[in-house]
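Everything on this sheet refers to the single structure shown next.
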Amino acid sequence: MSNLVTIDPERILAPIDHNLFGGFAEHLGRCIYGGIYEPSSPHADEDGLRRDVLKALKRLGLPVIRYPGGNFVSGYRWRDGVGPSEERQARMDLAWHDLEPNTFGTNEFVGFCRKLGSEPYLAVNCGDGDMREARDWLEYCNGTKDTALVKLRKQHGYQAPHGVKYWGIGNEVDGPWQIGFKTPEEYARAYTEYAKVMKWTDPSIKLLAAAVSLWDKSFVERVQLLMEHAAYTTPFTRQNLIDYIAIHWYVGNNRERGFADNDFASYMAISERFENLLSATEGIIRAMSTALRLKHDIPIAVDEWNVWYRVGNEGKLEEIYNLEDALVVAMHFNAFIRHAKTVKMANIAQIVNVIAPIYTRPDGLVLQTTFYPFEIYRQTCGSAALDVHWSGDTFSTPEFTGLRTLDVSATLDAPAKRLAVYLVNRTETKASETSVELTRGRFAGPAKAFIVNGSDIKAQNTFATPDQVGVREQTLIAAGQSFTITLEPHSFTALVFDLA
Ligand code: AHR
């Protein structure tokens, strides 16, 4: 088994926007209550936030966090979640059929983000809400003039504006499961009107259009109409109204969310699916940009993505991940890096308990398998994506033939002269000898390898056995133009080299 990865550090694909390492927190199950926020816990800080959760989240260094949903937002009234906590009223949440106590809301979320050093990203209700409500929420958060809403924020204890930069209009409006599902035309119209008044309220914000999640035949029309309606400046709107086209997907090792039931090779081939979704979205945005003669780029935000196929609503989406899921998470980051020219934000859904890398109990937490690749990318990813070529061993599945066993991406941190190469070895039983060759420049001494692996592809981290899958760090010697390593079966390896 042998593979060759060829890299020219000057072949830069695009700058990397570190918002690729974003997260998402929804009022759903134990994500907020019992996850992020648990005032009665011995782990709680002065704001009721779980210290142990904050500490684990800091390791992921999330640059941006989307909130409060998800499906939840399509029935949410932001006013229910602000003001003195004892005066807040509980409401029925029809998205997840649960009681929402509203003790955690906008100001608590912004405070949580600030503690993490993350940018808050708020999604407004475009389900059973309206544009007045959305615009008022924005004014409450970001307003600087002496308006009633700004006075209200100050009365609630927040003198300074929150300066929330990212705002999404609606969530998965293309899904019949959504409160306030919309046809492509209905959403394009609603989006434009919401966006108009929101940008008039605060022209500095960045707006995300909730374009696609179902991937049915309306997909092309949805992006097309959104762009036709809102992607350019008119004398009336005075601004381009779309800053990102947002898309969602979830994958799994079953037929519903993947290619086959519990088949490792087919699961590893899932990268073909999200590569395809990215390329298709890039294609339609490019076609429309050409047709509309746009002079600016419209990037993609994958503002919900993850592995999710085992547990549904009844299990409150508390998925326990295994090693093969961690490899799929790593392949997502490889895809985002390879598509760095167009993908400028991505948000793992979600961050705690609900399909998340962190799993809590009242007395502590476990770092799931998927936590580790996320942490490694976040710590080592450079500022530019490189155009890597790789060849070697292949594998086949009932759907595909000749897929490369390695899934690869690479980044460069030019000022630090540091090259990071990310390799997922998709073989179940065989080690893969792999050479990384520079076609320009030289390696300059010790390199680091960070390896995520476990005893077998189904290994999981649980409270009983929290360390079945983790990271091993090795220091290796790299000199000249070629470096060879044996990649373990079913592993993710990040190689970090200094360049001469
Ligand atoms: O992340 C869980 C749910 O998945 C979100 O609420 C929704 O947007 C998606 O369908």
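A quick note: this is a predicted structure, and the numbers were derived from the prediction, not measured. Both counts, for ligands and for their atoms, begin at 1 and track the order of listing. Here, residue 1 is the first one in the sequence, and each next residue gets the next number.
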Salt-bridge criterion met for E193 and R189 (N-O under 4.0 Å)
yes
Between K165 and D243, does any NZ, NE, NH1 or NH2 come within less than 4.0 Å of an OD or OE carboxylate oxygen?
no
Those residues at least two apart in sequence (or on a different chain) that pass side chain to side chain donor-acceptor pair (under 3.5 Å) with R257 are none
Suppose we screen for ring-ring contact (aromatic ring centres under 6.0 Å, His included). Which residues come up paired with H162, at least two apart in sequence or across chains?
Y158
Can a donor-acceptor pair be found, under 3.5 Å and without considering hydrogens, that links the side chain of D325 to the backbone of N322?
yes
Identify, chain by chain and in numerical order, each protein residue with a heavy atom under 4.0 Å from an atom of ligand 1.
F24, E26, G70, N71, W96, N171, E172, Y250, E304, W308, L317, Q350, I355
Partner residues of D128 under the salt bridge (Lys or Arg N to Asp or Glu O under 4.0 Å) criterion, sequence neighbours left out:
R77
